[in-house]
Chemist: 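One structure is given below, represented as structure tokens, and several questions about it will come after.
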Amino acid sequence: VQLQASGGGLVQAGGSLRLSCAASGDTFSRYIMGWFRQAPGKEREFVSAISRSGSSSYFGDSAKGRFTISRDNARNTVYLQMNNLKPEDTAVYYCTAAYELGYSAEEYDYWGQGTLVTVSS
């Protein structure tokens, strides 16, 4: 499956962004979809994941209470809605897909190119 993330940009602290990830090349609903992020000099960090049907979602500690994840299997797209953004959310955000749920980058099989989110203070 090929993944194309979009929606990053520059936002002030307290603002919101919605990231999108369009999938192609395979049956989208086969995959757990996830988002990771990587800030300069840091390891790739789990942000969120969503089940194949969209009925269950999972969040890293940094995202809980501020981010939501959703998917539209008819449009082959997963979304990450990010609210109350903080400067420490600044990172490249990657869309990813896996056959099973995981919380580490090594457990995901397919990766998009990343989209940069910059949060100014």
Side-chain angles (χ1 to χ4, degrees):
V1 65
Q2 291 79 49
L3 305 172
Q4 180 74 38
S6 62
L10 175 64
V11 63
Q12 289 188 332
S16 299
L17 278 177
R18 188 177 81 155
L19 305 184
S20 300
C21 175
S24 61
D26 199 354
T27 304
F28 182 64
S29 58
R30 293 178 61 190
Y31 298 94
I32 302 289
M33 297 301 297
W35 290 92
F36 281 74
R37 69 185 186 186
Q38 189 166 20
K42 295 189 176 182
E43 293 186 353
R44 201 163 288 193
E45 175 191 13
F46 174 78
V47 176
S48 184
I50 189 167
S51 63
R52 295 176 186 82
S53 68
S55 60
S56 298
S57 55
Y58 312 88
F59 297 93
D61 289 341
S62 61
K64 288 177 182 176
R66 299 187 299 128
F67 295 2
T68 58
I69 188 171
S70 60
R71 67 189 293 164
D72 185 341
N73 285 349
R75 296 179 182 272
N76 294 346
T77 303
V78 61
Y79 305 96
L80 183 69
Q81 177 67 43
M82 305 185 293
N83 298 326
N84 190 23
L85 283 161
K86 304 174 181 180
E88 51 264 42
D89 294 318
T90 295
V92 177
Y93 284 71
Y94 295 92
C95 173
T96 185
Y99 296 107
E100 300 295 336
L101 176 66
Y103 295 92
S104 65
E106 294 75 17
E107 296 176 278
Y108 284 78
D109 303 285
Y110 303 97
W111 293 83
Q113 85 288 2
T115 185
L116 177 62
V117 172
T118 303
V119 184
S120 63
S121 57

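Values in this document were obtained by computation on a predicted structure and should not be read as measured data.
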Chemist: Quick one: does Asn73's side chain have a donor or acceptor within less than 3.5 Å of a partner on Arg52's backbone?
Modeler: yes
Chemist: Should the ring pair Tyr99 and Tyr31 be called parallel, tilted or perpendicular, given that the plane angle runs from 0 to 90° and is split at 30 and 60?
Modeler: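 Ring orientation, 0 to 90° scale: tilted.
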Chemist: Decide yes or no for Leu3 and Met33: does some side-chain heavy atom of the first lie under 4.5 Å from some side-chain heavy atom of the second?
Modeler: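 With C-beta onward as the side chain, the pair touches.
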Chemist: With a distance cut-off below 6.0 Å to the six-membered ring centre and an angular limit of 45° from the axis, does Arg71 pair with Phe28 as a cation-pi contact?
Modeler: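 Judged by the rule, Arg71 and Phe28 form a cation-pi pair.
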Chemist: Run Ser70 and Gln81 through side chain to side chain contact (heavy atoms under 4.5 Å, CB included) and show every step you take.
Modeler: CA-CA 8 Å; Ser70 60; Gln81 177 67 43; over 6 Å; no
Chemist: Could you please spell out the steps behind the ring-ring contact (aromatic ring centres under 6.0 Å, His included) verdict for Phe46 and Trp35?
Modeler: CA-CA 7 Å; Phe46 174 78; Trp35 290 92; over 10 Å; no
Chemist: Both conditions, 6.0 Å and 45 degrees, for the charged tip of Arg44 above the ring of Tyr94: are they met here?
Modeler: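 Yes, Arg44 lies over the aromatic ring of Tyr94.
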Chemist: Mark yes or no for whether Glu107, through its side chain, and Glu100, through its backbone, hold a donor-acceptor pair below 3.5 Å.
Modeler: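 Side chain of Glu107 to backbone of Glu100: no pair is present.
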Chemist: Answer yes if the side chains of Tyr103 and Tyr108 hold a donor-acceptor pair under 3.5 Å, and no otherwise.
Modeler: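 Not at all, the side chains of Tyr103 and Tyr108 share no donor-acceptor pair under 3.5 Å.
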Chemist: With a 4.5 Å cut-off on side-chain heavy atoms, are Ile69 and Val78 touching?
Modeler: yes
Chemist: Would you say the side-chain atoms of Thr118 pair up with the backbone N or O of Leu10, donor to acceptor, closer than 3.5 Å?
Modeler: no
Chemist: Please examine the side chains of Ile50 and Ser56, heavy atoms only from C-beta on, and report whether any two atoms are closer than 4.5 Å.
Modeler: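 Contact flag for Ser56/Ile50 side chains = no.
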Chemist: About how many Å separate OG of Ser6 and CD of Gln113, when rounded to the nearest 0.5 Å?
Modeler: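 Reported to 0.5 Å precision, the distance equals 8.0 Å.
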Chemist: Check step by step if side chain to side chain contact (heavy atoms under 4.5 Å, CB included) holds for Lys86 and Ser62.
Modeler: CA-CA 10 Å; Lys86 304 174 181 180; Ser62 61; over 6 Å; no
Chemist: Can you measure from CZ (Phe67) to OG (Ser16) and round to the nearest 0.5 angstrom?
Modeler: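 Answer for the CZ-OG pair, Phe67 versus Ser16, is 9.5 Å.
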Chemist: Just wondering, do Met82 and Val47 contact through their side chains at under 4.5 Å, heavy atoms?
Modeler: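 With C-beta onward as the side chain, the pair stays apart.
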Chemist: Would Leu85 and Leu17 count as a side chain to side chain contact (heavy atoms under 4.5 Å, CB included) here? Give the steps.
Modeler: CA-CA 8 Å; Leu85 283 161; Leu17 278 177; 4.1 Å; yes
Chemist: Check for me, please, whether Leu80 and Val1 land in the same ILVMFWY cluster - side-chain distances under 4.5 Å, paths through other members count.
Modeler: yes
Chemist: In Å and rounded to the nearest 0.5 Å, what is the OG to CD distance from Ser104 to Glu45?
Modeler: 13.0 Å
Chemist: Look up atom OH in Tyr93 and atom CZ in Phe36, then write down how far apart they are to the nearest 0.5 Å.
Modeler: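 Interatomic distance, Tyr93 OH to Phe36 CZ, rounded to 0.5 Å: 13.0 Å.
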Chemist: Please determine whether a side-chain nitrogen of the Lys or Arg among Asp61 and Lys64 lies less than 4.0 Å from a carboxylate oxygen of the Asp or Glu.
Modeler: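 Answer for the salt bridge query: yes.
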Chemist: Using modelled atom types and a 3.5 Å cut-off, is there a donor and acceptor pairing between side-chain atoms of Thr77 and backbone atoms of Arg75?
Modeler: yes
Chemist: Rounded to the nearest 0.5 Å, what's the gap from CZ on Arg37 to CG on Leu116? Could you check?
Modeler: 12.5 Å
Chemist: Go through Thr27 and Ser29 one step at a time and tell me if the side-chain hydrogen bond (donor to acceptor under 3.5 Å, both in side chains) criterion holds.
Modeler: CA-CA 6 Å; Thr27 304; Ser29 58; 5.9 Å; no
Chemist: Rounded to the nearest 0.5 Å, what separation is found between the OG atom of Ser20 and the CD atom of Gln4?
Modeler: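 Those atoms lie 11.0 Å apart.
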Chemist: Going through the distances and angles, do Thr115 and Leu19 end up as a side chain to side chain contact (heavy atoms under 4.5 Å, CB included)?
Modeler: CA-CA 8 Å; Thr115 185; Leu19 305 184; 4.0 Å; yes
